[in-house]
Visitor: 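Following this message is one structure expressed as C-alpha coordinates.
Every chain is numbered from 1 and lettered A, B, ... according to where its sequence line falls, protein lines coming before strand lines. Treat the numbers as computed from the prediction; the structure is a model and nothing was measured.
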There are 2 protein chains.
Amino acid sequence: MAVTMSPKQKVYQAVLQEIRKFIEMNDLKSGDKLPSERGLSENLKAGRSSIREALRAMELLGLIETRHGEGTFLSTYRPYQTVELLSSFILQENTTRSDLMLTKRIMEKEAAKLAFSQMNEDAVEELTSLVNDSSLNPDEMHDAFFNYLFNQCDNLLLKKVWQLMDEFSQTINKQNYNTDFYEELINLYTTRNYQSIEALF
Amino acid sequence: MAVTMSPKQKVYQAVLQEIRKFIEMNDLKSGDKLPSERGLSENLKAGRSSIREALRAMELLGLIETRHGEGTFLSTYRPYQTVELLSSFILQENTTRSDLMLTKRIMEKEAAKLAFSQMNEDAVEELTSLVNDSSLNPDEMHDAFFNYLFNQCDNLLLKKVWQLMDEFSQTINKQNYNTDFYEELINLYTTRNYQSIEALF
DNA sequence: AAACCAAGGGTGGTCTGACCACCTTGAAAG
DNA sequence: CTTTCAAGGTGGTCAGACCACCCTTGGTTT
(Lines give C-alpha, C1' and ligand atoms only; values in the text may rest on other atoms or scores of the structure.)
Protein backbone atom coordinates (compact mmCIF):
# COMPACT_ATOMS: atom_id res chain seq x y z
CA MET A 1 0.00 0.00 0.00
CA ALA A 2 0.98 3.58 -0.36
CA VAL A 3 0.86 4.87 3.17
CA THR A 4 4.27 5.30 4.69
CA MET A 5 4.65 2.94 7.55
CA SER A 6 7.01 2.16 10.36
CA PRO A 7 8.57 -1.26 10.20
CA LYS A 8 6.02 -4.07 10.01
CA GLN A 9 3.02 -1.93 10.67
CA LYS A 10 0.03 -3.79 9.35
CA VAL A 11 -1.96 -2.36 6.49
CA TYR A 12 -5.19 -2.18 8.41
CA GLN A 13 -3.50 -0.13 11.09
CA ALA A 14 -2.14 2.27 8.53
CA VAL A 15 -5.59 2.46 7.05
CA LEU A 16 -6.97 3.42 10.43
CA GLN A 17 -4.51 6.30 10.58
CA GLU A 18 -5.44 7.43 7.11
CA ILE A 19 -9.13 7.34 7.85
CA ARG A 20 -8.56 9.36 10.97
CA LYS A 21 -6.61 11.91 8.94
CA PHE A 22 -9.33 11.98 6.34
CA ILE A 23 -11.95 12.69 8.94
CA GLU A 24 -9.83 15.44 10.39
CA MET A 25 -8.99 16.98 7.03
CA ASN A 26 -12.58 17.09 5.88
CA ASP A 27 -13.90 17.93 9.30
CA LEU A 28 -16.43 15.13 9.23
CA LYS A 29 -18.92 14.89 12.03
CA SER A 30 -21.41 12.35 13.29
CA GLY A 31 -23.65 11.18 10.53
CA ASP A 32 -21.33 12.19 7.74
CA LYS A 33 -20.50 9.63 5.12
CA LEU A 34 -17.12 8.08 4.60
CA PRO A 35 -15.84 7.12 1.15
CA SER A 36 -16.92 3.69 -0.05
CA GLU A 37 -14.79 0.68 0.67
CA ARG A 38 -13.85 0.45 -2.96
CA GLY A 39 -13.00 4.13 -3.06
CA LEU A 40 -10.79 3.88 -0.01
CA SER A 41 -9.17 0.79 -1.43
CA GLU A 42 -8.24 2.67 -4.56
CA ASN A 43 -7.14 5.89 -2.91
CA LEU A 44 -5.09 4.25 -0.19
CA LYS A 45 -3.67 1.64 -2.55
CA ALA A 46 -4.76 -1.16 -0.27
CA GLY A 47 -6.82 -4.25 -0.85
CA ARG A 48 -10.46 -3.97 -0.02
CA SER A 49 -10.13 -6.71 2.58
CA SER A 50 -7.58 -4.64 4.46
CA ILE A 51 -9.87 -1.64 4.32
CA ARG A 52 -12.63 -3.80 5.70
CA GLU A 53 -10.49 -5.08 8.55
CA ALA A 54 -9.96 -1.50 9.61
CA LEU A 55 -13.61 -0.59 9.15
CA ARG A 56 -14.85 -3.63 11.02
CA ALA A 57 -12.59 -2.81 13.92
CA MET A 58 -13.89 0.74 13.98
CA GLU A 59 -17.41 -0.55 13.83
CA LEU A 60 -16.84 -2.82 16.76
CA LEU A 61 -15.46 0.12 18.68
CA GLY A 62 -18.62 2.00 17.82
CA LEU A 63 -16.86 4.72 15.88
CA ILE A 64 -18.68 4.11 12.64
CA GLU A 65 -21.95 2.65 11.50
CA THR A 66 -22.37 0.76 8.26
CA ARG A 67 -25.60 0.54 6.37
CA HIS A 68 -25.89 -2.17 3.81
CA GLY A 69 -26.41 -0.71 0.38
CA GLU A 70 -25.89 2.82 1.57
CA GLY A 71 -22.43 3.29 2.94
CA THR A 72 -20.31 3.87 6.01
CA PHE A 73 -21.09 6.70 8.37
CA LEU A 74 -19.44 8.34 11.28
CA SER A 75 -21.41 7.79 14.44
CA THR A 76 -21.35 9.32 17.84
CA TYR A 77 -19.29 7.06 20.03
CA ARG A 78 -21.67 4.41 21.26
CA PRO A 79 -19.79 1.33 22.36
CA TYR A 80 -22.65 -1.10 22.01
CA GLN A 81 -20.61 -3.92 20.62
CA THR A 82 -17.58 -3.10 22.64
CA VAL A 83 -19.50 -3.20 25.84
CA GLU A 84 -21.03 -6.53 25.14
CA LEU A 85 -17.86 -8.08 23.89
CA LEU A 86 -15.64 -6.77 26.60
CA SER A 87 -18.14 -7.69 29.25
CA SER A 88 -18.00 -11.28 28.11
CA PHE A 89 -14.23 -11.31 27.93
CA ILE A 90 -12.89 -9.09 30.65
CA LEU A 91 -15.57 -9.22 33.22
CA GLN A 92 -15.91 -12.92 33.61
CA GLU A 93 -19.50 -13.21 34.79
CA ASN A 94 -20.52 -13.20 38.42
CA THR A 95 -17.92 -11.69 40.73
CA THR A 96 -18.02 -8.42 38.92
CA ARG A 97 -21.59 -7.26 38.97
CA SER A 98 -21.04 -5.63 42.29
CA ASP A 99 -17.86 -4.06 40.95
CA LEU A 100 -19.85 -2.55 38.17
CA MET A 101 -22.60 -1.19 40.34
CA LEU A 102 -20.14 0.30 42.77
CA THR A 103 -18.03 1.91 40.09
CA LYS A 104 -21.06 3.37 38.41
CA ARG A 105 -22.31 4.71 41.69
CA ILE A 106 -19.00 6.37 42.34
CA MET A 107 -19.14 8.14 39.02
CA GLU A 108 -22.65 9.30 39.70
CA LYS A 109 -21.69 10.60 43.09
CA GLU A 110 -18.80 12.57 41.71
CA ALA A 111 -20.97 13.95 38.96
CA ALA A 112 -23.47 15.07 41.53
CA LYS A 113 -20.71 16.89 43.34
CA LEU A 114 -19.06 18.39 40.27
CA ALA A 115 -22.38 19.65 39.02
CA PHE A 116 -23.05 21.40 42.28
CA SER A 117 -21.70 24.79 41.29
CA GLN A 118 -23.81 24.78 38.15
CA MET A 119 -27.04 23.96 39.87
CA ASN A 120 -29.01 27.16 39.83
CA GLU A 121 -32.79 27.43 40.14
CA ASP A 122 -33.42 26.64 36.52
CA ALA A 123 -31.30 23.52 36.71
CA VAL A 124 -33.09 22.36 39.83
CA GLU A 125 -36.36 23.01 38.10
CA GLU A 126 -35.22 20.86 35.20
CA LEU A 127 -34.31 17.94 37.42
CA THR A 128 -37.54 18.20 39.34
CA SER A 129 -39.57 17.97 36.18
CA LEU A 130 -37.64 14.87 35.20
CA VAL A 131 -38.35 13.18 38.50
CA ASN A 132 -42.03 13.98 38.16
CA ASP A 133 -42.32 13.00 34.54
CA SER A 134 -44.65 10.05 34.68
CA SER A 135 -44.10 9.18 31.04
CA LEU A 136 -40.66 7.84 31.92
CA ASN A 137 -40.09 4.50 33.53
CA PRO A 138 -37.63 4.40 36.44
CA ASP A 139 -34.69 3.40 34.27
CA GLU A 140 -35.30 6.09 31.72
CA MET A 141 -35.75 8.65 34.44
CA HIS A 142 -32.50 7.63 36.07
CA ASP A 143 -30.66 7.94 32.79
CA ALA A 144 -32.14 11.29 32.00
CA PHE A 145 -31.50 12.55 35.50
CA PHE A 146 -27.82 11.72 35.56
CA ASN A 147 -27.33 12.54 31.95
CA TYR A 148 -28.37 16.02 32.84
CA LEU A 149 -26.01 16.13 35.79
CA PHE A 150 -23.09 14.87 33.74
CA ASN A 151 -23.77 17.51 31.16
CA GLN A 152 -23.61 20.13 33.87
CA CYS A 153 -20.19 18.80 34.86
CA ASP A 154 -18.77 19.86 31.54
CA ASN A 155 -16.47 16.86 31.50
CA LEU A 156 -17.06 14.85 28.37
CA LEU A 157 -14.77 12.02 29.36
CA LEU A 158 -16.40 11.47 32.70
CA LYS A 159 -19.75 11.34 30.97
CA LYS A 160 -18.53 8.87 28.39
CA VAL A 161 -17.16 6.54 31.01
CA TRP A 162 -20.38 6.70 32.92
CA GLN A 163 -22.42 6.00 29.83
CA LEU A 164 -20.27 2.97 29.31
CA MET A 165 -20.95 1.80 32.85
CA ASP A 166 -24.59 2.48 32.30
CA GLU A 167 -24.71 0.35 29.19
CA PHE A 168 -22.88 -2.39 30.98
CA SER A 169 -25.41 -2.32 33.74
CA GLN A 170 -28.31 -2.44 31.32
CA THR A 171 -27.01 -5.82 30.24
CA ILE A 172 -27.49 -7.22 33.67
CA ASN A 173 -30.00 -6.32 36.31
CA LYS A 174 -30.52 -2.70 37.01
CA GLN A 175 -30.83 -1.93 40.65
CA ASN A 176 -31.65 1.71 40.93
CA TYR A 177 -31.90 4.12 43.75
CA ASN A 178 -35.03 4.67 45.77
CA THR A 179 -37.44 7.20 44.42
CA ASP A 180 -36.71 9.32 47.46
CA PHE A 181 -33.10 9.51 46.47
CA TYR A 182 -33.58 11.90 43.60
CA GLU A 183 -35.72 14.27 45.58
CA GLU A 184 -33.22 14.20 48.38
CA LEU A 185 -30.41 15.15 46.03
CA ILE A 186 -32.47 17.94 44.54
CA ASN A 187 -33.12 19.12 48.03
CA LEU A 188 -29.41 19.30 48.73
CA TYR A 189 -28.98 21.43 45.64
CA THR A 190 -31.79 23.71 46.68
CA THR A 191 -30.43 24.19 50.16
CA ARG A 192 -26.89 24.58 48.82
CA ASN A 193 -25.67 21.75 51.00
CA TYR A 194 -22.57 20.42 49.28
CA GLN A 195 -21.19 18.53 52.23
CA SER A 196 -24.05 16.07 52.45
CA ILE A 197 -23.83 14.86 48.90
CA GLU A 198 -20.96 12.53 49.67
CA ALA A 199 -22.98 10.78 52.32
CA LEU A 200 -26.10 10.48 50.21
CA PHE A 201 -24.58 7.87 47.93
CA MET B 1 -21.77 -19.97 7.42
CA ALA B 2 -22.96 -22.45 9.93
CA VAL B 3 -23.42 -20.40 13.05
CA THR B 4 -27.04 -19.73 13.83
CA MET B 5 -27.73 -16.07 13.60
CA SER B 6 -30.48 -13.62 14.28
CA PRO B 7 -31.67 -11.73 11.24
CA LYS B 8 -28.93 -9.85 9.45
CA GLN B 9 -26.22 -10.54 11.99
CA LYS B 10 -22.94 -10.19 10.20
CA VAL B 11 -20.64 -13.16 9.90
CA TYR B 12 -17.77 -11.53 11.70
CA GLN B 13 -20.02 -10.85 14.67
CA ALA B 14 -21.15 -14.44 14.77
CA VAL B 15 -17.52 -15.45 14.57
CA LEU B 16 -16.78 -13.31 17.60
CA GLN B 17 -19.44 -15.16 19.53
CA GLU B 18 -18.07 -18.51 18.46
CA ILE B 19 -14.55 -17.60 19.43
CA ARG B 20 -15.77 -16.46 22.80
CA LYS B 21 -17.54 -19.77 23.26
CA PHE B 22 -14.46 -21.62 22.17
CA ILE B 23 -12.36 -19.84 24.72
CA GLU B 24 -14.90 -20.58 27.40
CA MET B 25 -15.29 -24.23 26.45
CA ASN B 26 -11.59 -24.92 26.41
CA ASP B 27 -10.90 -22.66 29.34
CA LEU B 28 -8.18 -20.77 27.52
CA LYS B 29 -6.17 -18.22 29.42
CA SER B 30 -3.73 -15.49 28.61
CA GLY B 31 -0.99 -16.73 26.37
CA ASP B 32 -2.89 -19.72 25.08
CA LYS B 33 -3.10 -20.24 21.37
CA LEU B 34 -6.22 -19.93 19.31
CA PRO B 35 -6.86 -22.13 16.27
CA SER B 36 -5.36 -20.87 13.04
CA GLU B 37 -7.35 -18.60 10.76
CA ARG B 38 -7.68 -21.37 8.24
CA GLY B 39 -8.74 -23.78 10.93
CA LEU B 40 -11.40 -21.44 12.24
CA SER B 41 -12.54 -20.77 8.71
CA GLU B 42 -13.11 -24.45 8.15
CA ASN B 43 -14.68 -25.23 11.51
CA LEU B 44 -17.01 -22.27 11.55
CA LYS B 45 -17.84 -22.59 7.87
CA ALA B 46 -16.92 -18.98 7.22
CA GLY B 47 -14.56 -17.36 4.77
CA ARG B 48 -11.13 -16.60 6.04
CA SER B 49 -11.69 -12.91 5.43
CA SER B 50 -14.63 -12.93 7.79
CA ILE B 51 -12.56 -14.71 10.38
CA ARG B 52 -9.91 -12.08 9.96
CA GLU B 53 -12.36 -9.23 10.36
CA ALA B 54 -13.32 -10.67 13.72
CA LEU B 55 -9.74 -11.28 14.77
CA ARG B 56 -8.57 -7.83 13.70
CA ALA B 57 -11.32 -6.27 15.73
CA MET B 58 -10.34 -8.32 18.74
CA GLU B 59 -6.74 -7.38 18.20
CA LEU B 60 -7.60 -3.72 18.13
CA LEU B 61 -9.49 -4.13 21.36
CA GLY B 62 -6.41 -5.73 22.83
CA LEU B 63 -8.04 -9.08 23.47
CA ILE B 64 -5.67 -11.09 21.32
CA GLU B 65 -2.17 -10.81 20.01
CA THR B 66 -1.09 -12.12 16.64
CA ARG B 67 2.40 -13.19 15.82
CA HIS B 68 3.30 -13.50 12.19
CA GLY B 69 4.24 -17.05 11.34
CA GLU B 70 3.26 -18.36 14.74
CA GLY B 71 -0.39 -17.83 15.40
CA THR B 72 -2.99 -15.98 17.38
CA PHE B 73 -2.83 -15.85 21.14
CA LEU B 74 -5.03 -14.70 23.94
CA SER B 75 -3.56 -11.75 25.72
CA THR B 76 -4.23 -10.04 28.96
CA TYR B 77 -6.45 -7.09 28.25
CA ARG B 78 -4.14 -4.22 27.43
CA PRO B 79 -5.94 -1.63 25.39
CA TYR B 80 -2.89 -0.14 23.74
CA GLN B 81 -4.41 0.29 20.35
CA THR B 82 -7.80 1.08 21.69
CA VAL B 83 -6.50 3.82 23.86
CA GLU B 84 -4.58 5.46 21.11
CA LEU B 85 -7.32 5.17 18.58
CA LEU B 86 -10.10 6.28 20.83
CA SER B 87 -8.05 9.14 22.11
CA SER B 88 -7.66 10.45 18.60
CA PHE B 89 -11.31 10.01 17.82
CA ILE B 90 -13.26 10.69 20.96
CA LEU B 91 -11.07 13.12 22.72
CA GLN B 92 -10.50 15.50 19.91
CA GLU B 93 -7.31 17.11 21.09
CA ASN B 94 -7.37 20.23 23.20
CA THR B 95 -10.35 20.81 25.47
CA THR B 96 -10.14 17.43 27.08
CA ARG B 97 -6.81 17.11 28.77
CA SER B 98 -8.18 18.68 31.87
CA ASP B 99 -11.17 16.34 31.68
CA LEU B 100 -8.81 13.43 31.66
CA MET B 101 -6.71 14.60 34.56
CA LEU B 102 -9.77 15.36 36.63
CA THR B 103 -11.44 12.05 35.91
CA LYS B 104 -8.30 10.16 36.71
CA ARG B 105 -7.90 12.07 39.92
CA ILE B 106 -11.44 11.23 40.92
CA MET B 107 -10.79 7.54 40.42
CA GLU B 108 -7.64 7.73 42.46
CA LYS B 109 -9.41 9.50 45.26
CA GLU B 110 -12.15 6.93 45.40
CA ALA B 111 -9.63 4.15 45.35
CA ALA B 112 -7.84 5.74 48.24
CA LYS B 113 -11.10 5.78 50.16
CA LEU B 114 -12.20 2.29 49.22
CA ALA B 115 -8.87 0.86 50.17
CA PHE B 116 -9.09 2.44 53.58
CA SER B 117 -10.55 -0.54 55.38
CA GLN B 118 -7.83 -2.79 53.99
CA MET B 119 -4.96 -0.59 55.02
CA ASN B 120 -3.38 -2.38 57.92
CA GLU B 121 0.19 -1.90 59.09
CA ASP B 122 1.66 -4.19 56.49
CA ALA B 123 -0.11 -2.37 53.73
CA VAL B 124 1.08 0.99 54.99
CA GLU B 125 4.57 -0.43 55.18
CA GLU B 126 4.30 -1.51 51.57
CA LEU B 127 3.24 1.91 50.39
CA THR B 128 5.96 3.60 52.37
CA SER B 129 8.62 1.48 50.79
CA LEU B 130 7.28 2.39 47.38
CA VAL B 131 7.45 6.08 48.11
CA ASN B 132 11.02 5.71 49.32
CA ASP B 133 12.16 3.48 46.50
CA SER B 134 14.70 5.64 44.75
CA SER B 135 15.04 3.24 41.84
CA LEU B 136 11.64 4.39 40.59
CA ASN B 137 11.09 7.65 38.77
CA PRO B 138 8.10 9.74 39.87
CA ASP B 139 5.80 8.34 37.21
CA GLU B 140 6.64 4.75 37.96
CA MET B 141 6.26 5.38 41.63
CA HIS B 142 2.85 6.93 41.12
CA ASP B 143 1.72 3.97 39.06
CA ALA B 144 2.98 1.46 41.55
CA PHE B 145 1.48 3.39 44.44
CA PHE B 146 -2.01 3.56 43.04
CA ASN B 147 -1.82 0.15 41.50
CA TYR B 148 -1.36 -1.15 44.98
CA LEU B 149 -4.29 0.87 46.26
CA PHE B 150 -6.55 -0.29 43.48
CA ASN B 151 -5.63 -3.86 44.21
CA GLN B 152 -6.63 -3.34 47.80
CA CYS B 153 -10.02 -2.11 46.61
CA ASP B 154 -10.80 -5.52 45.22
CA ASN B 155 -12.72 -3.97 42.35
CA LEU B 156 -11.29 -5.15 39.07
CA LEU B 157 -13.42 -2.89 36.95
CA LEU B 158 -12.47 0.25 38.79
CA LYS B 159 -8.85 -0.69 38.37
CA LYS B 160 -9.22 -1.36 34.66
CA VAL B 161 -10.87 1.97 34.08
CA TRP B 162 -8.15 3.72 35.99
CA GLN B 163 -5.44 1.93 34.05
CA LEU B 164 -7.11 3.11 30.92
CA MET B 165 -7.08 6.69 32.20
CA ASP B 166 -3.48 6.22 33.15
CA GLU B 167 -2.50 5.06 29.70
CA PHE B 168 -4.38 7.94 28.19
CA SER B 169 -2.52 10.34 30.38
CA GLN B 170 0.83 8.82 29.49
CA THR B 171 0.15 9.88 25.94
CA ILE B 172 0.06 13.48 26.94
CA ASN B 173 1.86 15.28 29.70
CA LYS B 174 1.83 13.71 33.08
CA GLN B 175 1.30 16.11 35.86
CA ASN B 176 1.62 14.23 39.06
CA TYR B 177 1.04 15.02 42.65
CA ASN B 178 3.59 16.60 44.94
CA THR B 179 5.95 14.27 46.66
CA ASP B 180 4.38 15.31 49.93
CA PHE B 181 1.05 14.04 48.77
CA TYR B 182 1.85 10.37 49.07
CA GLU B 183 3.28 10.71 52.54
CA GLU B 184 0.27 12.68 53.59
CA LEU B 185 -2.08 9.97 52.38
CA ILE B 186 -0.05 7.31 54.13
CA ASN B 187 -0.26 9.40 57.24
CA LEU B 188 -4.04 9.46 57.02
CA TYR B 189 -4.04 5.70 56.79
CA THR B 190 -1.77 5.40 59.79
CA THR B 191 -3.88 7.71 61.90
CA ARG B 192 -7.07 6.06 60.67
CA ASN B 193 -8.42 9.35 59.46
CA TYR B 194 -10.92 8.50 56.77
CA GLN B 195 -12.68 11.82 56.71
CA SER B 196 -9.69 13.78 55.48
CA ILE B 197 -9.03 11.70 52.42
CA GLU B 198 -11.74 13.45 50.43
CA ALA B 199 -10.13 16.82 51.02
CA LEU B 200 -6.64 15.65 50.20
CA PHE B 201 -7.35 15.27 46.50
C1' DA C 1 -49.70 16.06 -14.74
C1' DA C 2 -49.27 12.86 -11.06
C1' DA C 3 -48.50 8.34 -9.33
C1' DC C 4 -46.34 4.07 -9.94
C1' DC C 5 -42.99 0.65 -10.90
C1' DA C 6 -39.03 -1.72 -12.81
C1' DA C 7 -34.09 -1.42 -14.16
C1' DG C 8 -29.55 -0.06 -13.18
C1' DG C 9 -25.71 1.50 -10.61
C1' DG C 10 -23.52 2.12 -6.24
C1' DT C 11 -22.52 0.07 -1.77
C1' DG C 12 -21.68 -3.19 1.85
C1' DG C 13 -21.26 -8.54 2.83
C1' DT C 14 -18.88 -12.67 1.88
C1' DC C 15 -16.19 -16.23 -0.21
C1' DT C 16 -12.37 -18.23 -2.83
C1' DG C 17 -7.90 -18.71 -4.32
C1' DA C 18 -3.56 -17.07 -4.83
C1' DC C 19 0.96 -15.15 -3.22
C1' DC C 20 4.20 -13.47 0.12
C1' DA C 21 6.76 -13.23 4.61
C1' DC C 22 7.77 -15.32 8.78
C1' DC C 23 8.49 -18.99 12.18
C1' DT C 24 9.20 -23.72 13.68
C1' DT C 25 10.62 -28.24 12.96
C1' DG C 26 13.07 -32.09 11.69
C1' DA C 27 15.87 -34.43 8.54
C1' DA C 28 20.15 -34.22 6.12
C1' DA C 29 24.94 -32.78 6.03
C1' DG C 30 29.10 -31.77 8.35
C1' DC D 1 26.72 -33.99 18.34
C1' DT D 2 26.21 -29.65 16.05
C1' DT D 3 24.96 -27.04 12.05
C1' DT D 4 22.28 -26.17 8.06
C1' DC D 5 18.34 -25.61 5.38
C1' DA D 6 14.18 -27.16 3.18
C1' DA D 7 9.27 -28.00 4.03
C1' DG D 8 5.08 -26.99 6.08
C1' DG D 9 2.20 -24.21 8.98
C1' DT D 10 0.66 -19.55 9.98
C1' DG D 11 -0.47 -14.73 9.53
C1' DG D 12 -0.60 -10.65 5.87
C1' DT D 13 -2.43 -9.03 1.70
C1' DC D 14 -4.55 -8.70 -2.63
C1' DA D 15 -7.67 -9.43 -6.64
C1' DG D 16 -11.83 -10.88 -8.34
C1' DA D 17 -16.20 -12.66 -8.16
C1' DC D 18 -21.08 -12.90 -6.48
C1' DC D 19 -24.90 -11.66 -3.64
C1' DA D 20 -28.16 -8.54 -1.12
C1' DC D 21 -29.64 -4.12 -0.38
C1' DC D 22 -30.70 0.85 -1.24
C1' DC D 23 -31.63 4.73 -3.93
C1' DT D 24 -32.26 7.09 -8.08
C1' DT D 25 -34.09 7.39 -12.54
C1' DG D 26 -36.86 7.23 -16.35
C1' DG D 27 -40.50 5.23 -18.59
C1' DT D 28 -45.23 3.51 -17.96
C1' DT D 29 -49.67 3.76 -16.24
C1' DT D 30 -53.47 6.20 -14.34
Side-chain angles (χ1 to χ4, degrees), chain A residues 1-19 22-23 26 28 31-75 80-81, chain B residues 1-19 22-23 26 28 31-75 80-81:
Chain A
M1 72 270 79
V3 279
T4 47
M5 45 186 259
S6 357
K8 308 264 180 64
Q9 159 132 200
K10 294 178 196 169
V11 173
Y12 92 93
Q13 293 172 322
V15 169
L16 282 173
Q17 307 273 15
E18 292 301 314
I19 293 180
F22 181 87
I23 292 173
N26 300 69
L28 299 190
D32 289 346
K33 192 169 177 301
L34 284 175
S36 72
E37 295 180 353
R38 290 172 179 80
L40 285 171
S41 174
E42 194 170 339
N43 288 327
L44 302 182
K45 262 70 179 171
R48 197 182 152 207
S49 51
S50 291
I51 301 292
R52 279 185 63 82
E53 288 181 13
L55 254 25
R56 265 353 93 214
M58 288 181 67
E59 182 179 64
L60 193 69
L61 280 178
L63 296 172
I64 59 174
E65 188 180 324
T66 53
R67 297 202 277 273
H68 195 170
E70 298 182 58
T72 307
F73 303 83
L74 238 58
S75 74
Y80 294 133
Q81 318 267 18
Chain B
M1 70 268 87
V3 279
T4 47
M5 46 186 261
S6 7
K8 307 266 181 61
Q9 158 125 224
K10 293 177 196 168
V11 173
Y12 93 93
Q13 293 172 322
V15 169
L16 282 172
Q17 308 271 15
E18 290 302 313
I19 294 179
F22 181 87
I23 293 173
N26 300 70
L28 299 189
D32 289 346
K33 191 169 178 300
L34 285 175
S36 73
E37 297 179 352
R38 290 172 178 80
L40 286 170
S41 174
E42 194 171 338
N43 288 328
L44 302 183
K45 262 70 179 170
R48 196 181 151 208
S49 50
S50 291
I51 301 290
R52 280 185 62 81
E53 288 181 13
L55 290 178
R56 267 351 94 214
M58 287 182 68
E59 183 178 62
L60 194 70
L61 280 179
L63 295 173
I64 59 174
E65 189 181 325
T66 53
R67 297 202 278 271
H68 195 169
E70 298 182 57
T72 306
F73 303 83
L74 237 57
S75 74
Y80 295 132
Q81 317 267 19

Visitor: Return yes if the base of C:dG13 and the side-chain atoms of A:R56 contain a donor-acceptor N/O pair under 3.5 Å, otherwise no.
Guide: no
Visitor: Quick one: CG on A:L16 to CD on A:E53, what's the gap to the nearest 0.5 Å?
Guide: 10.0 Å
Visitor: Measure OH/A:Y12 against C1'/D:dT13 and give the value in whole Å, please.
Guide: 14 Å
Visitor: Nearest-Å distance, CD (B:E65) to C1' (C:dC22)?
Guide: 16 Å
Visitor: Report the nucleotide, chosen from D:dG11, D:dT13, C:dT14, that has the shortest atom-to-atom distance to any side-chain atom of A:R48.
Guide: C:dT14
Visitor: Has the side chain of A:R38 got a donor or acceptor that lies under 3.5 Å from a partner of the other kind on the base of C:dG12?
Guide: yes
Visitor: Is the side chain of A:Q9 donor-acceptor paired with the backbone N or O of A:A14 at a distance under 3.5 Å, no angle test?
Guide: yes
Visitor: Output the rounded distance in Å from CD (A:E70) to P (C:dG10).
Guide: 16 Å
Visitor: Does a side-chain N-to-carboxylate-O contact under 4.0 Å join B:R56 and B:E37?
Guide: yes
Visitor: Round to a whole Å and report the spacing from CG of B:L40 to C1' of D:dG9.
Guide: 14 Å
Visitor: What's the NZ-C1' distance between B:K45 and C:dT14, to the nearest Å?
Guide: 17 Å
Visitor: Select base, sugar-phosphate, or nothing to describe what A:G47 touches, counting heavy atoms under 4.0 Å on all strands.
Guide: sugar-phosphate
Visitor: Give one of base, sugar-phosphate or nothing for A:T72, where a contact means two heavy atoms less than 4.0 Å apart.
Guide: sugar-phosphate
Visitor: Looking at B:K10 and A:E59, is any side-chain nitrogen of the basic one under 4.0 Å from a carboxylate oxygen of the acidic one?
Guide: yes
Visitor: Heavy atoms from C-beta onward define the side chain here; which of D:dC14, C:dC15, C:dC22 lies closest to that of B:H68?
Guide: C:dC22
Visitor: Measure from the side-chain heavy atoms of B:K10 and tell me the nearest of D:dC14, C:dT14, D:dC23.
Guide: C:dT14
Visitor: Please give, in whole Å, the distance from D:dG11 P to B:E42 CD?
Guide: 14 Å
Visitor: Contact class for A:T66 vs. all strands (heavy atom < 4.0 Å): base, sugar-phosphate, or nothing?
Guide: sugar-phosphate
Visitor: Does the side chain of B:R67 get closer than 4.0 angstrom to OP1 or OP2 of D:dT10 through an N or O atom?
Guide: no
Visitor: Does OP1 or OP2 of D:dC14 have a side-chain N or O of A:S41 closer than 4.0 Å?
Guide: no
Visitor: Taking for each residue the nucleotide of DNA chain C with the nearest heavy atom, is it B:S50 or A:G71 whose nucleotide lies nearer the 5' end?
Guide: A:G71
Visitor: Could you grab the distance from atom CG of A:L40 to atom CZ of A:R38, nearest 0.5 Å is fine?
Guide: 11.5 Å
Visitor: Between B:K33 and A:I51, just flag the one whose closest nucleotide in DNA chain D comes earlier from the 5' side.
Guide: B:K33
Visitor: Any base atoms under 4.0 Å from B:S36, or only sugar-phosphate, or nothing? Heavy atoms, all strands.
Guide: sugar-phosphate
Visitor: Can you measure A:R52 atom CZ to C:dT14 atom P for me and round it to whole angstrom units?
Guide: 6 Å
Visitor: Roughly how far, to the nearest 0.5 Å, is the CG atom of A:L28 from the NZ atom of A:K33?
Guide: 11.0 Å
Visitor: Just how far, in rounded Å, is P of D:dC21 from CD of A:E37?
Guide: 16 Å
